[in-house]
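Below, each value reflects all heavy atoms present in this structure, side chains not excepted, and no hydrogens, waters or symmetry copies. One-based numbering, in listed order, for ligands and for the atoms of each.
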Amino acid sequence: MQKALNHSNFMDGVKRRNPGEPEFHQAVSEVARDLIPFVKTRPEYEDAQILERLTEPDRIISFRVAWQDDQCNTRVNRGFRVQFNDAIGPYKGGLRFHRDLNLSVLKFLGFEQIFKNSLTGLALGAAKGGANFNPRGKSDNEIMRFCQAFMIELYRYIGPDIDIPAGDLNVGNREIAFLFGQYKRLTHRFNGALTGKSLSLGGSHLRPEATGYGCAYFMKHMLNHRNDSLDGKTCAVSGAGNVALHCAEKLIDLGARVVSLSDSNGTLYVKNGLDRESLDLIKAAKLNRKKPLSALADELKLQYQAGQKPWALPCDLAFPCATENELDGQDAKALVDNGCQAIAEGANMPLTADAQEIIEQARLLYAPGKAANAGGVAVSSLEMSQNTTGLYWSVEEVEHRLEAIMEHIHLECLCQGDGKNYVDYARGANIAAFIKVADAMLAYGVV
Ligand code: NDP
Ligand code: 2IT
């Protein structure tokens, strides 16, 4: 006889089947907390074991990547693609290069992607991939050779209607160009098998900006829903990469004051708010990987707090845009004590489980990454449409569509998460996203 479905039994099973994968357990546990009570009201989902199936990736591909560095030393890394779920569309999700990348991280990212992609309202399944490759200190030629070697294996598993990778941490325009160039040579096809391409390679306007802009829009909608606005709000932003810089840019343009950026070594603090000119200089330098944030702070005569995170700074709104578990319980408490009103996650799972609990118990508005950072994958989908039709949209057209998608996601979260005095966006996002995927899985029968 099967055990009764409850959070503890369910998570025991997940941990037994996936030992030593704490990030994956954390992501599943957060979703299961909301979905198990919901599934118990819909026996068709429970009978069909949808939750058990949803937490098992369709397949995991792992491969050797051998390449040569500038000194002609042979180097070996491990490449991955976790194709998690294609119930509502072809596999879609980013590629990450990071020294410590492992399957726990990729499975959490691929799992979150199922829900994020569903929330966009577009036909997108979910995947994530990358390599345990540390790009720090590598030359452009080394990055190129690594990307080419990585694609020699990956190309077999991807395609415009199979699996469409994009960027993520340490994979931006430059890497996507190297990857796409190699894909094109190997397949003899020019198609939309990768997104995040630069404009000259068939990319979309605003793809680099989309995740950060979308995150700022999501916050705008949360505030508008309670008759408030971004105007004059003090915002703490973490990270100084693609997501953080574009989130900061849109926040400034929408009238907010951005008091911080950060990187793995510390925090740039600008008490009166970064001006657009300084942000543009930082953006130009960071996106071309030219300088660390501390050097830019020196140049711009701004304060850099080495070894510090931004969360102890007084702020109205917080935007963790760097990486997973970057904001812990102590940081969450500091935000609450300092009067922070709302958090929107630009990064994937930037809050530890106890931080999320503290934020929700204090009744801060809380937009989970699967809702707030979905603008990136949404514009990736717009890039796919443009590649398929060969018709390309203007900046204005893409921005208009991105805004509409973020508004739609906000409404989806409200539909399932609106409580008496508090909108539980995390619950709303989990349930709204789940219904669409679960119904598709039911329709397919037992697969
Ligand atoms: P980038 O590589 O462009 O930038 C990452 C930034 O985060 C860098 O400034 C990096 O600093 C900083 N960072 C990395 N690790 C840490 C750490 N442990 N502590 C503090 N800072 C750190 O990546 P993205 O901006 O693209 O991605 C950021 C997050 O957003 C990730 O969680 C990613 O999964 C998520 N995301 C990205 C999307 C996209 O479209 N790119 C879409 C949706 C989500 P340093 O240079 O010192 O390493
Ligand atoms: O986490 C994410 O949503 C991304 N890295 C972007 C994925 C995509 O396919 O654009």
Side-chain angles (χ1 to χ4, degrees), residues 23 89-101 105-106 108-117 119-120 122 124-130 134-136 158 163-176 192 194-197 203-204 206-215 237-248 261-268 282-283 286-287 289-294 296 307-311 319-327 345-351 368-384:
E23 290 85 2
Y91 301 108
K92 179 87 194 88
L95 295 171
R96 173 179 291 198
F97 292 165
H98 195 275
R99 190 192 61 185
D100 303 325
L101 192 69
V105 169
L106 285 174
F108 115 65
L109 288 165
F111 180 71
E112 288 282 294
Q113 200 83 40
I114 303 175
F115 296 83
K116 182 192 309 194
N117 291 3
L119 281 173
T120 64
L122 305 165
L124 297 169
K128 202 84 188 191
N134 184 2
R136 211 164 273 189
I158 65 173
D163 182 350
I164 306 96
D168 192 74
L169 268 179
N170 293 324
V171 178
N173 259 203
R174 172 183 62 164
E175 290 74 16
I176 293 291
L194 286 143
T195 62
K197 302 183 291 296
S204 173
L206 286 187
R207 175 61 189 88
E209 292 84 354
T211 311
Y213 280 16
C215 187
V237 177
S238 68
N242 174 55
V243 179
L245 294 169
H246 292 116
C247 180
L261 295 170
S262 71
D263 62 10
S264 25
N265 299 316
T267 291
L268 175 90
I282 296 172
K283 230 177 79 178
K286 285 308 285 182
L287 294 178
R289 295 173 178 76
K290 281 204 183 112
K291 284 187 188 138
L293 204 50
S294 54
L296 288 164
Q308 301 293 312
K309 300 196 243 178
W311 314 126
F319 297 85
C321 295
T323 192
E324 59 271 9
N325 291 328
E326 56 164 308
L327 195 160
E345 297 183 339
N348 287 307
M349 203 170 74
L351 270 58
K370 55 179 78 92
N373 72 37
V377 76
V379 173
S380 274
S381 179
L382 302 184
E383 181 174 337
M384 288 158 64

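- Of all the heavy atoms in Arg96 and Leu101, the pair that sits closest is O-CD2, 3.4 Å.
- The N/O atoms of Lys128, backbone and side chain alike, include none that comes under 3.5 Å of an N/O atom in ligand 1.
- Heavy atoms of Pro350 found under 4.0 angstrom from ligand 1: none, in either backbone or side chain.
- The nearest protein atom to atom 41 (N) of ligand 1, hydrogens excluded, is given as Asn242 ND2, 3.3 Å; this is a heavy-atom distance.
- Asp163 places no side-chain N or O within 3.5 Å of a backbone atom of Pro90 that could act as its donor or acceptor partner.
- Within the 4.0 Å heavy-atom cutoff, Lys116 counts among the residues contacting ligand 1.
- With a 4.0 Å heavy-atom cut-off, ligand 1 is reached by the side chain of Thr211 but not by its N, CA, C or O.
- Counting only heavy atoms from C-beta outward, the side chains of Leu293 and Ile282 approach each other to under 4.5 Å.
- Here is the list of ligand 1 atoms found below 4.0 Å of a heavy atom in Ala347: 29 (C), 30 (O), 32 (O), 35 (C).
- Contact shell of ligand 2 (protein heavy atoms, cutoff 4.0 Å): Lys92, Gly93, Gly94, Gln113, Lys116, Lys128, Ala166, Gly167, Asp168, Arg207, Asn348, Gly376, Val377, Ser380.
- Side-chain contact between Lys370 and Glu345 is absent, with no heavy atoms from C-beta onward closer than 4.5 Å.
- Under the rule for a side chain to side chain contact (heavy atoms under 4.5 Å, CB included), the partners of Ser381 that lie at least two apart in sequence or sit in another chain are Leu122, Leu124.
- No heavy atom of Gly172 sits closer than 4.0 Å to any atom of ligand 1.
- The shortest side-chain heavy-atom distance between His98 and Asp168 does not fall under the 4.5 Å cut-off.
- In this structure, Arg96 has a heavy atom closer than 4.0 Å to ligand 1.
- Distances shorter than 4.0 angstrom do not occur between any heavy atom of Asn265 and any atom of ligand 1.
- Listed by number with element, the atoms of ligand 1 under 4.0 Å from a non-hydrogen atom of Cys321 are 28 (C), 29 (C).
- Closest heavy-atom approach to atom 48 (O) of ligand 1 within the set Arg136, Glu345, Glu326, His98: this belongs to Arg136.
- When side chains are defined from C-beta on, Val243 does not count as touching Phe319, because their heavy atoms never get closer than 4.5 Å.
- Protein heavy atom nearest atom 24 (P) of ligand 1, with residue, atom name and distance: Val243 CG2, 3.8 Å.
- Under the 4.5 Å side-chain criterion, counting only non-hydrogen atoms from C-beta, His246 is not in contact with Thr211.
- Scanning all protein heavy atoms for the shortest distance to atom 17 (C) of ligand 1 gives Thr323 CG2, 3.6 Å.
- In this structure, atom 34 (O) of ligand 1 lies nearest to the protein heavy atom Asp168 OD1, 2.7 Å.
- Looking at Leu95 and Glu175, their side chains never come closer than 4.5 Å, going by heavy atoms from C-beta outward.
- Regarding atom 9 (O) of ligand 1, its nearest protein heavy-atom neighbour is Ala240 N, 2.9 Å.
- In this structure Val379 satisfies the side chain to side chain contact (heavy atoms under 4.5 Å, CB included) test together with Ser204, Arg207, Ala210, Leu382, Val398, Leu402, sequence neighbours excluded.
- Ranking the protein heavy atoms by distance from atom 19 (N) of ligand 1 puts Ser264 CA, 3.9 Å first.
- A salt bridge between Glu23 and Lys128 is absent, with no side-chain N of the basic residue lying under 4.0 Å from a carboxylate O of the acidic one.
- Here the side chain of Asp263 pairs no donor or acceptor atom with the backbone of Ala240 at under 3.5 angstrom.
- Residues satisfying the side chain to side chain contact (heavy atoms under 4.5 Å, CB included) test with Ser238, not counting sequence neighbours, are Ser262, Pro310, Trp311, Pro320, Ala322, Glu326.
- Nearest residue to atom 21 (N) of ligand 1 from Leu109, Asp100, Asp263 is Asp263 (criterion: closest heavy atom).
- The nearest protein heavy atom to atom 29 (C) of ligand 1 is closer than 4.0 Å.
- Of the protein's heavy atoms, Ala322 CB, 3.9 Å lies nearest to atom 13 (N) of ligand 1.
- Among all heavy-atom pairs drawn from Ala347 and Asn373, the shortest one is O-ND2, 3.0 Å.
- With respect to atom 2 (O) of ligand 1, the closest heavy atom belonging to the protein is Asn170 N, 2.9 Å.
- With a 4.5 Å cut-off on side-chain heavy atoms, Arg174 and Pro135 do not count as touching.
- The closest side-chain heavy-atom distance from Leu261 to Lys286 is not below 4.5 Å.
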